[in-house]
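Written out below as structure tokens is the structure these notes cover.
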Amino acid sequence: MNQPFSLPKTYDFASVEEKIYAHWEASGYFKPSNDPRSPDHDPSRRPFVISIPPPNVTGELHLGHAMFVAMEDLMIRYHRMKGVPTLWVPGTDHAGIATQLQVEKALAREGLSREQLGREEFLRRTWAWKEKYGGIITRQIRRLGASCDWSRERFTLDEGLSRAVREAFVRLYEKGLIYRGPRMINWSPGLKTAVSDLEVEYSEEPGTLYFFKYVLADNPQEYIPVATTRPETILGDTAVAVHPEDDRYRAYVGRKVLVPILNRPIPVIADEYVDREFGTGALKITPAHDPNDYQIALRHNLEMINILTPDAAINENGGPYQGLDRFECRKRMWEDMRAAGLVIKEQPYTLNVPRSQRGGEIVEPMISTQWFVRIQPLARAALEAVREGRIKIVPERFTKVYYNWLENIEDWCISRQLWWGHRIPVWYCDECGEITVSRDDPTHCAHCQSSHIHQDEDVLDTWFSSGLWPFSTLGWPEDTPDLRYFYPTSVLETGYDILFFWVARMIMFGLEFTGKPPFHTVYLHGLIRDEQGQKMSKTKGNVIDPLEVMDEMGTDALRFTLLVGSTPGNDMNLSLKKVEANRNFANKVWNAGRFVLGALAQAPAQAQAAPQWTLADSWIWARLQQLLRDVERLFTNYQYGEAGRQIYDFFWSEFADWYVEIAKLQLAEGGDRAFYTAQTLLRVLDASLRLLHPFTPFVTEELWGHLKRAAQEKGEAFSPKGGWEEALIIARWPEAQPVEGWEEQKIADFNLIQEVIRAIRNLRTEKKVTPGKRIPATIVAGEKLTVFQQQAAAIAALAYLQPDHLTMLANLPEKPENQIAIVVAGIEIYLPLADLVNVEAERARLQNELAEVEKQIERLRGLLASPFAEKAPPPVVEKERQKLATFEETAARLRDQLQNL
RNA sequence: GGGCGGAUAGCUCAGUAGGUUAGAGCACAUCCCUUACAAGGAUGGGGUCGCAGGUUCGAGUCCUGUUCCGCCCA
């Protein structure tokens with residue numbers, strides 16, 4: 001009988017979480033129902049599918065992961081509970097640059113470089129590294145409660161996905177959508193690889209604008225003043241451009257100027273691109289090291305001179321500066337030009353410096369031979385899919401961002417000069433020079449049959465394989481049962497920061513390779529910042545480690561905080577205070593559960609007669625039904641946070657604060673009252689746990705297990721319709737019953753009782769009457785007398801009154817003397833606190849209240865006399881009339897009492 | 001330069017069916033260890049919802065303009 005108290009007073013998440021997760025996984029609950037590989041599979045049932053945003057295989061958990069796991073697990077658990085066949089495909093990403101850097105760093109500690117090891121050995125080491133660290137992130141994701149089907153876990157470099165990458169590359173190549181050639185790209189000198197436009201970030205930094213002379217080749221006395229932010233690029237200049245209508249320089253067009261120091265003659269050209277207002281109005285053109293200059297050079301057929309080596313030193317084209325680092329060269333060259341009398345002036349200037357997203361080094365625009373995807377045709381299809389509504393982006397405002405990017409997209413540089421990744425499936429023939437592009441490793445050139453072929457050294461951008469993720473993980477290019485049934489997936493959930501990197505590319509590739517949008521909805525969450533809204537970073541030292549948070553406050557607390565504290569697409573500031581509050585919530589749920597278990601233990605196992613519901617029973621039931629409807633509506637609109645808040649509020653401020661308190665009295669009555677109270681407690685708690693489960697899976701599962709066991713021991717009468725499911729994770733999602741018509745009145749009546757109780761408590765506090773001191777009271781309830789009489793016990797208990805000295809009346813013509821009076825919603829309450837009555841203080845208090853009420857009366861009379869009465873919908877007007885009537889009643893009572901003083 | 005978001009209580013934020021006295025958590029004040037829970041309970045103080053217009057019977061919520069902060073793209 002002491003069963004509930006065998007549960008600890010405080011919810012002990014540390015002893016629960018691991019055990020529960022292991023149980024779920026071992027029981028196969030993460031696997032989809034209606035599995036297409038099983039014989040009784042029904043292909044007509046539509047599944048709900050999410051592909052996980054694959055984290056870096058050797059990475060470690062951060063709050064971004066915690067966020068997407070919480071969101072996606074919520075969606076998955078909700079659909080699973082609704083009975084939908086549900087699949088969440090997990091996996092990891094090889095993360096080319098990041099992983100390679102980790103391994104290179106480790107090698108450096110041994111005094112080794114990857115070049116010393118050679119490609120093969122380096123890859124062997126990297127795989128070993130992956131084996132060693134690859135399990136960490138997935139274990140951490142499990143720790144968050146992720147209910148993904150680990151039997152379907154994939155890795156971007158595993159065999160199937162590598163085949164998908166080959167297939168995709170070859171198909172694009174065959175369609176003419178992949179080409180190789182020299183183009184302007186972003187070069188990362190530290191990593192010695194090309195990176196895509198997206199991997200470059202621009203930061204405003206103080207710098208210098210250098211003004212100098214471009215002397216005319218045929219007359220050293222004349223010069224064109226030119227300004228630049230990067231003097232070293234002068235070495236690669238192949239023209240000076242001026243605006244065709246610029247009178248200052250018109251005469252020079254067609255003549256030649258001399259490159260400083262090198263004295264190489266280059267033409268002066270006219271181009272409309274030149275901004276006459278900027279600098280001197282004359283622009284030096286370095287086609288090989290500036291994207292805009294590159295465009296101009298193409299138009300004018302200018303020579304392109306590369307002046308940099310792969311590690312951004314000056315190459316043989318730099319004459320005397322060959323071998324110098326780019327920044328050293330800048331300094332030296334400027335000094336030399338000053339000595340040569342070519343310097344005009346320097347001026348402070350804010351630069352827009354292109355930096356590598358990874359590592360932050362300054363990237364150099366450079367012409368380089370790389371592989372590109374001709375993106376226009378893919379982008380067009382991806383645009384249409386969203387425009388036509390085949391894919392919906394939540395929140396909607398990001399569709400505009402998506403359009404804007406795709407409408408202005410440039411070809412995608414997909415080759416990387418790295419070793420860790422999918423090697424480009426292209427072989428060059430040493431004899432005929434032709435290339436062979438193949439799904440399988442060829443042994444002979446496809447053109448001349450020579451066996452002297454060698455594979456392209458480069459690997460593909462990691463995002464190339466990520467772009468195939470929703471279908472490659474399901475078996476594509478094979479036509480597998482999984483692919484047939486689970487593709488297209490349902491929702492793609494991720495942070496808005498990778499909308500272009502990943503989401504847009506998946507849409508392009510999905511449409512291109514499968515002919516279908518890879519998902520129907522994109523849900524974007526915001527970024528997580530610290531309490532002050534600062535980006536978390538190691539240098540700032542404001543990083544919150546989700547693992548530590550889970551250790552201290554439990555997974556449920558962290559999940560609930562992330563889910564309820566955020567709104568779609570908006571950044572959230574995470575504070576540990578909030579997590580703490582939600583840990584307290586989990587504890588509240590736990591303790592409410594302990595109470596219900598106790599109630600169950602002491603209640604009769606059977607009813608003797610049909611139920612006679614109390615006001616509190618009806619009220620909590622009606623409120624639960626409203627909650628179910630609201631939550632359903634909010635979930636449908638992806639407003640998970642708001643749904644969570646509403647469940648929280650219902651559970652704490654209605655169920656726990658009010659219903660449980662009244663239930664204690666009802667249980668004490670024994671008999672049928674106790675039976676039906678226990679039943680209501682059980683039902684409401686059961687429904688609440690089901691609603692909460694997608695948010696806080698651990699505490700709800702654990703508690704629900706105890707609840708189920710206790711109810712089963714008690715017998716049939718405490719079973720839900722359809723019986724108890726095996727586990728909460730696969731239990732039915734609660735659905736609201738149709739409205740029966742009585743609900744509103746019961747809710748209104750209960751609210752009135754609450755108001756009266758609060759008013760009495762309020763006055764007691766004001767008069768410093770401690771709860772321990774039970775006092776008599778008289779309540780004059782008018783037409784609500786019956787309601788109040790029925791609630792006498794509850795009112796007495798919750799307002800700390802003497803139950804046998806609680807008088808309920810319809811009217812009280814003779815106002816009692818020496819009593820403190822309160823009026824709330826037209827109800828009069830008298831408390832015989834004679835010794836505390838101070839006539840003057842009472843008068844002041846009553847007058848204050850009267851003034852407040854009269855203000856409201858005036859407001860409402862004005863409102864009802866305005867066009868509001870005709871134009872607003874009748875129910876709204878009626879509501880206001882009711883309010884007015886109540887206020888008027890209250891005012892009348894207050895006046896009586898003032899007179900009576 | 002273009003686009004987007006934010007501005008609501010001391011702090012961090014909700015408020016996405018426009019409905020008429022604006023909510024939560026934390027913090028603060030007073031009281032209470034009443035056998036579900038002190039990680040709790042009761043009560044209270046605290047906001048002209050950035051600013052200016054407009055639409056509407058009614059605006060924190062819709063429209064226009066504007067200021068400040070932040071982000072994305074060029």
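Within every chain, numbering begins at 1; the chains are lettered A, B, ... in the order of the sequence lines, protein sequences first and strands thereafter.
- Contact check on K855(A) versus E858(A) returns no salt bridge, with no Lys/Arg side-chain nitrogen under 4.0 Å from an Asp/Glu carboxylate oxygen.
- By the side-chain contact (heavy atoms from CB on, under 4.5 Å) test, Q856(A) pairs with E852(A), R859(A), F887(A), sequence neighbours left out.
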Polar atom pairs between nucleotides 2-10 of chain B and protein, under 3.5 Å, N or O only, would you list them?
| from | atom 1 | to | atom 2 | distance (Å) |
| --- | --- | --- | --- | --- |
| G3(B) | O3' | K400(A) | NZ | 3.3 |
| C4(B) | OP1 | K400(A) | NZ | 2.7 |
| C4(B) | O2' | R397(A) | NE | 3.4 |

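- Comparing G46(B) with G1(B), their P atoms are spaced 45 Å from each other, to the whole Å.
- Residues passing the salt bridge (charged side-chain N to carboxylate O under 4.0 Å, His left out) test with D630(A) are R633(A), sequence neighbours excluded.
- Of the P atoms belonging to U43(B) and A7(B), the separation is 30 Å, rounded to the nearest Å.
- Taking the side chain of K578(A) as heavy atoms from C-beta on, and the options C73(B), A36(B), U12(B), the nearest nucleotide is U12(B).
- Nucleotide U34(B) holds its P atom 20 Å from the NZ atom of K773(A), rounded to whole Å.
- Nucleotides G70(B) and G50(B) have their C1' atoms positioned 15 Å apart, rounded to a whole Å.
- The distance from atom CG of L798(A) to atom C1' of C32(B) is 15 Å, rounded to the nearest whole Å.
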Cut-off 3.5 Å, no hydrogens considered: what does the side-chain donor-acceptor table look like for residues 862-876 of chain A, sequence neighbours left out?
| from | atom 1 | to | atom 2 | distance (Å) |
| --- | --- | --- | --- | --- |
| S866(A) | OG | L863(A) | O | 2.5 |
| S866(A) | OG | F868(A) | N | 3.2 |

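- With G41(B), A38(B), U12(B) as the choices, the nucleotide that has an atom nearest any side-chain atom of W652(A) turns out to be G41(B).
- At a cut-off of 3.5 Å, with distance as the only test, no side-chain donor of N591(A) or Y11(A) sits close to an acceptor on the other residue.
- Between L864(A) atom CG and G19(B) atom C1' there is a gap of 13 Å when expressed in whole angstrom units.
- In the set C57(B), A36(B), A74(B), A36(B) carries the atom at the smallest distance from any side-chain atom of K664(A).
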**Item:** Structure string for RNA chain B in dot-bracket form, Watson-Crick and G-U at under 3.5 Å, | interchain
**Value:** (((((((..((((.....[...)))).(((((.......))))).....(((((..]....)))))))))))).

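- The same atom, C1', is picked in U34(B) and in G40(B); the two are 12 Å apart, to the nearest Å.
- The distance from atom CD of E880(A) to atom P of C57(B) is 17 Å, rounded to the nearest whole Å.
- Take Q847(A) and apply the side-chain contact (heavy atoms from CB on, under 4.5 Å) test, not counting sequence neighbours, and it matches R843(A), L898(A).
- C69(B) sits 40 Å from U30(B) when the P atoms are compared, rounded to a whole Å.
- Checking A14(B), A39(B), C37(B) against every side-chain atom of R645(A), the shortest atom distance belongs to A14(B).
- In the set U30(B), C37(B), G19(B), the nucleotide with an atom closest to the side chain of V876(A) is G19(B).
- Atom-to-atom, NZ of K588(A) to P of A39(B) comes out at 12 Å; the value is rounded to the nearest Å.
- A close approach under 4.0 Å does occur between a side-chain nitrogen or oxygen of T567(A) and OP1 or OP2 of A14(B).
- Contacts of S575(A) with the nucleic acid, taken as non-hydrogen atoms under 4.0 Å apart, are absent.
- In this structure, NZ of K855(A) is placed 15 Å from C1' of U20(B), rounded to the nearest angstrom.
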Check: residues 550-562 of chain A side-chain donor-acceptor pairs under 3.5 Å, at least two apart:
| from | atom 1 | to | atom 2 | distance (Å) |
| --- | --- | --- | --- | --- |
| D551(A) | OD1 | R143(A) | NH1 | 3.2 |
| D551(A) | OD1 | R143(A) | NH2 | 3.0 |
| T555(A) | OG1 | E17(A) | OE1 | 2.8 |
| T555(A) | OG1 | R143(A) | O | 3.3 |
| D556(A) | OD1 | F698(A) | N | 3.1 |
| D556(A) | OD2 | F698(A) | N | 3.4 |
| D556(A) | OD2 | V699(A) | N | 2.7 |
| R559(A) | NE | F695(A) | O | 3.3 |
| R559(A) | NH1 | D73(A) | OD2 | 2.7 |
| R559(A) | NH1 | L144(A) | O | 2.9 |
| R559(A) | NH2 | D73(A) | OD2 | 3.0 |
| R559(A) | NH2 | P694(A) | O | 2.9 |
| T561(A) | OG1 | A557(A) | O | 2.6 |
| T561(A) | OG1 | N582(A) | ND2 | 2.8 |

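- Minimum atom distance to the side chain of R594(A) is reached by C37(B), of the listed C37(B), G15(B), C72(B).
- Salt bridge present: E880(A) and K883(A) bring a charged side-chain N and a carboxylate O closer than 4.0 Å.
- With sequence neighbours excluded, the residues that form a side-chain hydrogen bond (donor to acceptor under 3.5 Å, both in side chains) with R355(A) are E205(A).
- Between the OH atom of Y638(A) and the C1' atom of A14(B) there is a distance of 22 Å, given to the nearest Å.
- Sorted by first then second residue, the side-chain hydrogen bond (donor to acceptor under 3.5 Å, both in side chains) pairs that include residues 795-804 of chain A, not counting sequence neighbours, number zero.
- A donor N or O paired with an acceptor N or O is not found under 3.5 Å between the base of A74(B) and the side-chain atoms of E410(A).
- Residue whose closest nucleotide on RNA chain B sits further toward the 5' end, between K883(A) and K577(A): K883(A).
- Note: CG (D657(A)) to P (G25(B)) measures 10 Å, nearest angstrom.
- When the nearest nucleotides of RNA chain B are assigned to P867(A) and Q639(A) by heavy-atom distance, the more 5′-ward of the two goes with Q639(A).
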Can you pull every protein N or O that's under 3.5 Å from an N or O on nucleotides 43-48 of chain B?
| from | atom 1 | to | atom 2 | distance (Å) |
| --- | --- | --- | --- | --- |
| G44(B) | OP1 | N762(A) | ND2 | 3.1 |

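- Side-chain contact of E889(A) with T886(A): a donor-acceptor pair under 3.5 Å is absent, judged by distance alone.
- A close approach under 4.0 Å does not occur between any side-chain nitrogen or oxygen of K768(A) and OP1 or OP2 of U30(B).
- Residues satisfying the side-chain hydrogen bond (donor to acceptor under 3.5 Å, both in side chains) criterion with Y496(A), sequence neighbours excluded, are D571(A).
- Nucleotides C49(B) and A22(B) have their C1' atoms positioned 8 Å apart, rounded to a whole Å.
- In this model, the phosphate group of C73(B) is not approached by any side-chain N or O of N408(A) to a distance below 4.0 Å at OP1 or OP2.
- Within the nucleic acid shown, A872(A) comes within 4.0 Å of at least one base atom, counting heavy atoms only.
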Residues 393-405 of chain A side chain polar contacts: donor-acceptor under 3.5 Å, at least two apart:
| from | atom 1 | to | atom 2 | distance (Å) |
| --- | --- | --- | --- | --- |
| R397(A) | NH2 | G569(A) | O | 2.9 |
| R397(A) | NH2 | N570(A) | OD1 | 3.0 |
| T399(A) | OG1 | E396(A) | O | 2.5 |
| Y402(A) | OH | A382(A) | O | 2.8 |

**Message:** Under the criterion salt bridge (charged side-chain N to carboxylate O under 4.0 Å, His left out), I'd like the reasoning laid out for E744(A) against K879(A): C-alpha separation, chi angles, the key distance, then a yes or no.
**Reply:** CA-CA 13 Å; E744(A) 260 185 65; K879(A) 209 170 122 197; over 6 Å; no

